[in-house]
Amino acid sequence: MQTQDVIRLGREHLRSMSGHVFDVLEVKEPISPDAAVNLSKVISKLSPLVGNMIEFNSVEFLNDQEDFHGHGIWQRQDPGFPDTIFQGVTPTPGFEIKAWFPLATEITARFKDSQNHFAHDQTHVAMLAWLPEQLIFGKPKILGVCVVSGLSVAQARDNHYHNPPDYLVLEPEDTASRTQNLQQTNTNGYKFQGTQEEFREAQELVASWGPNAMQYSPTPEYQERLRELIARFRYRLDTNFAKMDRIVHPGIEEFKTSIYRLNFHGKTVGEWNKLLGSKGRDEEIRTALQEHLGIREEDAEELLL
DNA sequence: TACCCTGGTCATACGCAGAC
DNA sequence: GTCTGCGTATGACCAGGGTA
């Protein structure tokens, strides 16, 4: 079995997880419509915890597949990149697993790894969209899975953001001499903060680099030029850099659209997202939850007796 | 006016080094 | 051994400007 075979099979199995319910955690049904409204406002707090559970359960799920038996084993790396690797073939295939809770305001998972990490296209990104079975309570259910190559995501990110001198994508510095926890492995984005006059000056500097000045490159030579800009002009670190929601990767955009269009308990996921995320519409939220989830006032009365 | 995009902030966590 | 600081990392929400 070759690296790309493992990736292909892994992709197929991960995609087959659509509709799968993880029996790892269960949120109890709220006892009243008011409790349901309150729960709808805080359910996203579960996202990091459930996201992690989904990540390591995905590894178990892959190891349960007979296709891989006798060829190697999937192992979780935490911390480490990617989240799961297949020990048994080289180059080592892996999946970086990102859980997405589509009632959140945006996909907050980031992908900051350098293009340099994907020389053999051996690492893919698997995004798993999940919701509680009953929208705001129940067990986590996978709505859909999107698997795309890590290289394509890194390239989409760099091409989307990099626009010198206005916006710079910088590769990690050489931090090999630092202790492990202080070593940099991620790219970062920087936004120009100087005056218009300084911006024109910076533009002239970029123009002096030649015809490929605007073309992003992770090579040391090109990165050295970018660091010259950072040293001469004011930039700010962009804390939203590389959010999966913002890098305009065609596969991820298509996946987002398909998830938001899914029908889930009487509305599309996108409609639930808008409704539950809106301010001052508690009565509307309450009515929708009562209508589509069957939460009744009488239930609360029975439970309180 | 609703929606989208961008910029910003907050909360939390980890692992290591150095001080005590 | 414990505490604290540092640098890095992740995930969530909110505000404001631009636009259809």
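Proteins come first, then strands; the chains are lettered A, B, ... in the order of their sequence lines, and each starts at number 1. The shown structure was predicted, so the numbers you read here are calculated from the model rather than taken from an experiment.
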> Is the ring centre of A:H13 less than 6.0 Å from the ring centre of A:W74?
Replying inline: no
>> Is it true that A:Y161 and A:D238 share a donor-acceptor pair across their side chains at a distance under 3.5 Å?
In response: no
>> Suppose we call a contact any N or O donor and acceptor under 3.5 Å apart; does that hold for the side chain of A:D238 and the base of B:dG7?
In response: no
>> What is the distance, to the nearest angstrom, from the NE2 atom on A:H160 to the C1' atom on B:dC4?
In response: 13 Å
> Can you tell me how far P of B:dG8 sits from CZ of A:F241, to the nearest Å?
Replying inline: 16 Å
> Of all the nucleotides listed (C:dG11, C:dA12, C:dT10), which has the minimum atom distance to the side chain of A:K112?
Replying inline: C:dT10
> A:K243 has an atom NZ; how far is it from atom P of B:dT9, in whole Å?
Replying inline: 13 Å
> For the pair made of CG in A:L275 and C1' in B:dC3, what is the distance, rounded to whole Å?
Replying inline: 16 Å
> Of the candidate nucleotides C:dA12, C:dC13, B:dG8, which contains the atom at the shortest distance from the side chain of A:N240?
Replying inline: B:dG8
>> Could you tell me how far apart A:E96 (CD) and C:dG11 (P) are, to the nearest whole angstrom?
In response: 9 Å
> For A:I107 and B:dC4, what is the distance between atoms CD1 and P respectively, to the nearest whole Å?
Replying inline: 13 Å
>> Taking 4.0 Å as the cut-off, does a side-chain nitrogen or oxygen of A:K191 come that near to OP1 or OP2 on B:dG7?
In response: yes
> Out of curiosity, A:L168 CG to A:L229 CG, how far, rounded to the nearest 0.5 Å?
Replying inline: 5.5 Å
> Are A:K256 and A:E253 within salt-bridge range, i.e. N to O under 4.0 Å?
Replying inline: yes
> Whole Å only: how far is the CD atom of A:E106 from the P atom of C:dC13?
Replying inline: 9 Å
>> Ring-plane angle category for A:F199 and A:F192, please: parallel below 30°, perpendicular beyond 60°, tilted otherwise.
In response: perpendicular
>> Does A:K98 reach a base, just sugar-phosphate, or nothing at all? Heavy atoms under 4.0 Å.
In response: nothing
>> Side chain of A:A104, heavy atoms from C-beta onward: which of C:dG11, B:dC3, C:dC13 has the nearest atom to it?
In response: C:dC13
> A:N188 has an atom CG; how far is it from atom C1' of C:dT8, in whole Å?
Replying inline: 10 Å
